[in-house]
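Each chain gets a letter, A, B and so on, in the order the sequences are listed, and its residues count up from 1.
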Amino acid sequence: MKRSCNRKETKTVNRVARIRKALVPVAFLLPFGIIFCMFVIFPFIFGITISFFNWNMFDASRTSFAGFGNYYKILFNSESIYFSYFWNGLKNTLLFVAISVPLLIILPLIFAGLLDRKPYGFRFFRFSLFVPTVLSISTVVIIWSWQFYANGGVINEFLKKIGIGGPNWLNAQPWAWVAILIVTLWWTIGTNMVIFSAGMKNVDQSLYEAAKLDGAGAIRSFWHITLPGISNQIVLCLLMTMIASFNVYGQPQLLTGGGPVIDGDFTTTVLMMRIRTIGMGANANPGVSSAMSVCMGIIMIAVSIVQSRVSKRRGD
Amino acid sequence: MAEKRKRRLNKGRLISMAILIPITLLWLVPLVWGFVTSFKTDADIDAHLLSFIPREFTLDRYIKLFTDFEQYPVLLWLWNSVYTAALYTILHLVVVSLAAYAFSLLRFKGQNILFTCVLATMMIPTVINLVPMYNMMVAFDWIGSPLALIVPGAAGVFGLFIMRQFFLGIPKSLIESAQVEGAGQFTVFLRIVLPLSSSAFMVAGIFAFLSNWNDYMWPQIIMGAEDIAMMTLPVGLSLMQGSYNYDLGLTMTAAITSAIPVLILFMFTQEKVIEGIATSGMKD
């Protein structure tokens, strides 16, 4: 009798101990879990939901189900103003991705390759090329606006000195895009450069020695040893850079304001700027804006899948 | 032979240096020029725009910025940016280090699946979250509140990843011996794991600080229509840049002022920042 009672007691004690033990990870995960679910998972689901509604943020009674109405509007209904906003913005975003991503990979590769040869003053070079990445986009744009002003800007003033008439950088095409591209390169190149640099440090040095014995020059050994040696980093940077370029916002918003407008075409208004202005503010249409975001998200995911397929096949 | 090899090595170093010098100068010109120009008089800027040496050295703009808070609240913006970024960093580190401990040093059912799921959310295009987050901020009445800049981003997956990697490298024997002495998990976390992880905290912390400090679109959404005194630096500066009420030299000086604290922070933490970014490239 006494024995069985004891056993029961230890059983409950065990159970309590077990539950307590099971609760430990929960306690550690709770703060992260709450914030993560609330501000990462929930908005994602909420955003997809909004895209199927005529959403009114301030008056719930004026919110109604729209089905694929918002998607139809932006994708196919050429009568709708949102149709032109979406396709124009998408065209500009894709243009920026197409011209910026290759340069944002190739230039950092070259810089990292040069740094990998351990130049005298290595730390100074690395510091200088990396340092713009720690500045905010507002600071960057203020500094660069001075370089680009058509009259009284540093670049055109310099060009005048050597007898060349400079273009109206921020108000004519293709110069507005060139300016946005220059600012983007200057601002963000450091991250990829540092990642490539670290990858190059891990490449087996004996391979270079062997290549040298075979009479390969610096450029050939860069091409045949360094690049394959850091293929992981290249694939990763390609993905991150592509995502960042799709999300471009600050550079065109602050540098060109989405202009110049040529024949009613907002030539540097990227999709993110449309999503931002349509989704918020006095005349907001969150449903349409969310539908645009979902479309943009699908395109981004599709591009990353294609890209990872291609790079995997290359790797085999 | 040894002599010859040394000389050849030097040749490679010299050539790369020779190529890097002009590139680097080009890279530094806008920054250095902006810094110098902030000390020039207006007349001097007009007459000698390209000169890197002020003919007449003036501190007028800095004095204006540092004394006239009503009209040029740059110092207020600086303070707003500092304290939101600092609070954000602290919250992020607390939240992420606790979760990283669970994902690395505890054992529970579904651990790996859960961690994979969390990592997988990095693929969610953040653009989809933008409008709903704005709706939520309106519902919470967080428009114009620093809370909107501090809380939502605190569960950053990148920081979680860095911490977990680091915690996995802590010798198990240390933790086990503490447990033998009867220490609970939280005690182990506080007394053993935290003191060993200062470098992981540094890397994740610098990252969090810089990303919050430099964020533009989200703070602009939250603070853009609010009282000018509530703005963070990037938002306030963009306001100055887009407004005709501020002259260009002053805007440039404000931009330089805003850059100096981060540049100093970066000079001292350069190795950590670069190491952190390099680590992010090492994951598969």
Distance (rounded to the nearest 0.5 Å) between Arg107(B) CZ and Lys21(A) NZ: 11.5 Å
The interface call for Gln185(B) against chain A, heavy-atom contacts under 4.5 Å, is both
Value for CZ (Phe189(B)) from CG (Leu106(B)), rounded to nearest 0.5 Å, stands at 10.5 Å
The interface call for Phe246(A) against chain B, heavy-atom contacts under 4.5 Å, is neither
According to ring-ring contact (aromatic ring centres under 6.0 Å, His included), who are the partners of Phe44(A), at least two apart in sequence or on a separate chain? none
Quick one: of Ile21(B), Val273(B), Ile256(B), who has the most non-hydrogen atom pairs under 4.5 Å with chain A? Ile21(B)
Identify which part of Thr133(A) has an atom lying under 4.5 Å from any heavy atom of chain B, answering side chain, backbone, both or neither. backbone
At a heavy-atom distance under 4.5 Å, which candidate from Asn135(B), Ile19(B), Leu130(B), Leu210(B) has the highest pair count against chain A? Asn135(B)
Out of Ala99(B), Gly156(B), Pro30(B), return the one with the most heavy atom pairs under 4.5 angstrom to chain A. Pro30(B)
Glu157(A) versus chain B, the contacting section by heavy-atom distance below 4.5 Å: both
Given that the side chain runs from C-beta out, which part of Leu50(B) has a heavy atom under 4.5 Å from chain A: side chain, backbone, both or neither? side chain
Nearest 0.5 angstrom please: Ile23(B) CD1 to Leu114(A) CG, how far? 6.0 Å
Count the heavy-atom pairs under 4.5 Å between each of Ile15(B), Leu28(B), Val157(B) and chain A, then report the option with the highest count. Leu28(B)
Evaluate the side chain to side chain contact (heavy atoms under 4.5 Å, CB included) criterion for residues Lys118(A) and Ser16(B): first the C-alpha distance (whole Å), next the side-chain angles of each, then the deciding distance (0.1 Å), finally the verdict. CA-CA 8 Å; Lys118(A) 292 279 164 304; Ser16(B) 58; over 6 Å; no
Contact origin within Leu114(B) toward chain A - heavy atom pairs under 4.5 Å: side chain
Side chain, backbone, both or neither of Ser238(B) within contact of chain A (heavy atoms, under 4.5 Å): both
Quick check on Ser145(A) against chain B: is it the side chain, the backbone, both or neither that has a heavy atom closer than 4.5 Å? side chain
Which word best sums up how the rings of Trp142(B) and Phe140(B) line up, parallel for under 30°, tilted for 30 to 60°, or perpendicular for over 60°? perpendicular
Parallel, tilted or perpendicular, judged at 30° and 60°: which one describes the rings of Trp55(A) and Phe53(A)? perpendicular
Side chain, backbone, both or neither: which part of Ile301(A) has a heavy atom under 4.5 Å from chain B? side chain
Residue pairs passing the side chain to side chain donor-acceptor pair (under 3.5 Å) test where at least one lies in residues 252-268 of chain B, sequence neighbours excluded: Thr139(A)-Ser258(B)
Residue part contacting chain B, namely of Ile189(A), when any heavy atom lies under 4.5 Å: side chain
With only heavy atoms counted, which part of Gln220(B) is less than 4.5 Å from chain A, the side chain, the backbone, both or neither? both
Give a yes-or-no answer on whether the side chains of Asn192(A) and Thr241(A) include a donor-acceptor pair shorter than 3.5 Å. yes
Take the angle between the ring planes of Phe161(B) and Phe115(B) and call it parallel below 30°, perpendicular above 60°, tilted in between. parallel
Measuring from Arg13(B):CZ to Tyr120(A):OH, what's the distance to the nearest 0.5 Å? 4.5 Å
Which value, rounded to the nearest 0.5 Å, describes the distance between Ile142(A) atom CD1 and Thr251(B) atom OG1? 6.0 Å
Interchain contact, Ile143(A) with chain B, by part (heavy-atom threshold 4.5 Å): both
Which atoms of Ile124(B) come close to chain A, meaning under 4.5 Å heavy atom to heavy atom: side chain ones, backbone ones, both, or neither? side chain
How about Phe266(B) and Phe127(A): are their ring centres within less than 6.0 Å of each other? yes
Of all of Leu129(A), Ile110(A), Val131(A), Val235(A), which one pairs up most often with chain B through heavy atoms under 4.5 Å apart? Leu129(A)
Under 4.5 Å from any heavy atom of chain A, what part of Phe186(B) do you find: side chain, backbone, both or neither? both
In terms of side-chain heavy atoms, does Gln241(B) have a donor or acceptor partner in Ser138(A) at a distance below 3.5 Å? no
Given a strict heavy-atom distance threshold of 4.5 Å, which part of Thr126(B) is in contact with chain A: side chain, backbone, both, or neither? side chain
Identify which part of Ile243(A) has an atom lying under 4.5 Å from any heavy atom of chain B, answering side chain, backbone, both or neither. neither
Select one option (side chain, backbone, both, neither) describing which atoms of Met300(A) are under 4.5 Å from chain B's heavy atoms. side chain
Under 4.5 Å to a heavy atom of chain B? For Lys161(A) that would be side chain
Assess the pair Trp33(B) and Trp146(A): is the distance between their ring centroids shorter than 6.0 Å? yes
Top residue by heavy-atom pair count (under 4.5 Å) with chain B, among Gln253(A), Arg276(A), Arg123(A), Met296(A)? Arg276(A)
Check each atom of Val94(B) against the heavy atoms of chain A and say whether the ones under 4.5 Å are side chain, backbone, both or neither. neither
Contact winner vs chain A - Val95(B), Val138(B), Ile128(B), Val262(B), heavy-atom pairs under 4.5 Å: Ile128(B)
Phe111(A)-Phe125(A) aromatic ring centre distance below 6.0 Å: no
Say you draw a straight line from CD1 of Ile275(A) to OG of Ser293(A); how long is it, rounded to the nearest 0.5 Å? 4.0 Å
With chain A as the partner, which of Val131(B), Leu237(B), Asn129(B), Leu265(B) has the greatest number of non-hydrogen pairs under 4.5 Å? Asn129(B)
Could you have a look at Phe46(A), Trp186(A), Phe36(A) and say which one has the most heavy-atom pairs with chain B under 4.5 angstrom? Trp186(A)
Measure distances from Leu20(B) to the heavy atoms of chain A and classify the residue's part below 4.5 Å as side chain, backbone, both or neither. both
Which answer fits Met292(A), side chain, backbone, both or neither, if we ask what part of it has an atom under 4.5 Å from a heavy atom of chain B? neither
